[in-house]
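All figures in this text were calculated on a predicted structure; none of them were measured in a lab.
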Amino acid sequence: MKLVITEKPSVAMDIAKSLGKIERKDGYVVAGDYVVTWAYGHLLEIDDSIAPRKWSLEDLPIFPERFKYKV
């Protein structure tokens, strides 16, 4: 089985439905060989230390060489 974790239940249901017939469980959904579950919010976010402390529209877009994430 493969696990898919989404940021909210509605996204989990959309993904599960696209994978085939769904079977609802307590806190997750089974769709074929997939178990789809969810959190309530983002699991990771971009670490804002990569952005300049003060910026203007001329600075956009900002594309760092490497993104940093925080839990």
*Partner residues of L19 under the side chain to side chain contact (heavy atoms under 4.5 Å, CB included) criterion, sequence neighbours left out*: I15, A31, Y34, V36
*Residue list, salt bridge (charged side-chain N to carboxylate O under 4.0 Å, His left out) with E23, at least two apart or on another chain*: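 Result, salt bridge (charged side-chain N to carboxylate O under 4.0 Å, His left out) vs E23: K25.
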*Of all residues at least two apart in sequence or in a different chain, which pass the side-chain hydrogen bond (donor to acceptor under 3.5 Å, both in side chains) check with E65?*
none
_Minimum heavy-atom distance V35-M1, with the two atoms named_ = CG2-CE, 3.7 Å
*Do Y69 and D47 have side-chain heavy atoms sitting under 4.5 Å apart?*
no
*Same apolar cluster: Y28 and I5, side chain cutoff 4.5 Å*: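 Linked within one cluster.
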*side-chain hydrogen bond (donor to acceptor under 3.5 Å, both in side chains) contacts touching residues 8-22 (sequence neighbours left out)*: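 As it turns out, there is no side-chain hydrogen bond (donor to acceptor under 3.5 Å, both in side chains) pair with a partner in residues 8-22 once direct neighbours are skipped.
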_Members sharing I22's hydrophobic cluster (side chains within less than 4.5 Å)_ =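 Once heavy-atom contacts under 4.5 Å are chained together, I22 belongs with M13, V29, W38, Y40.
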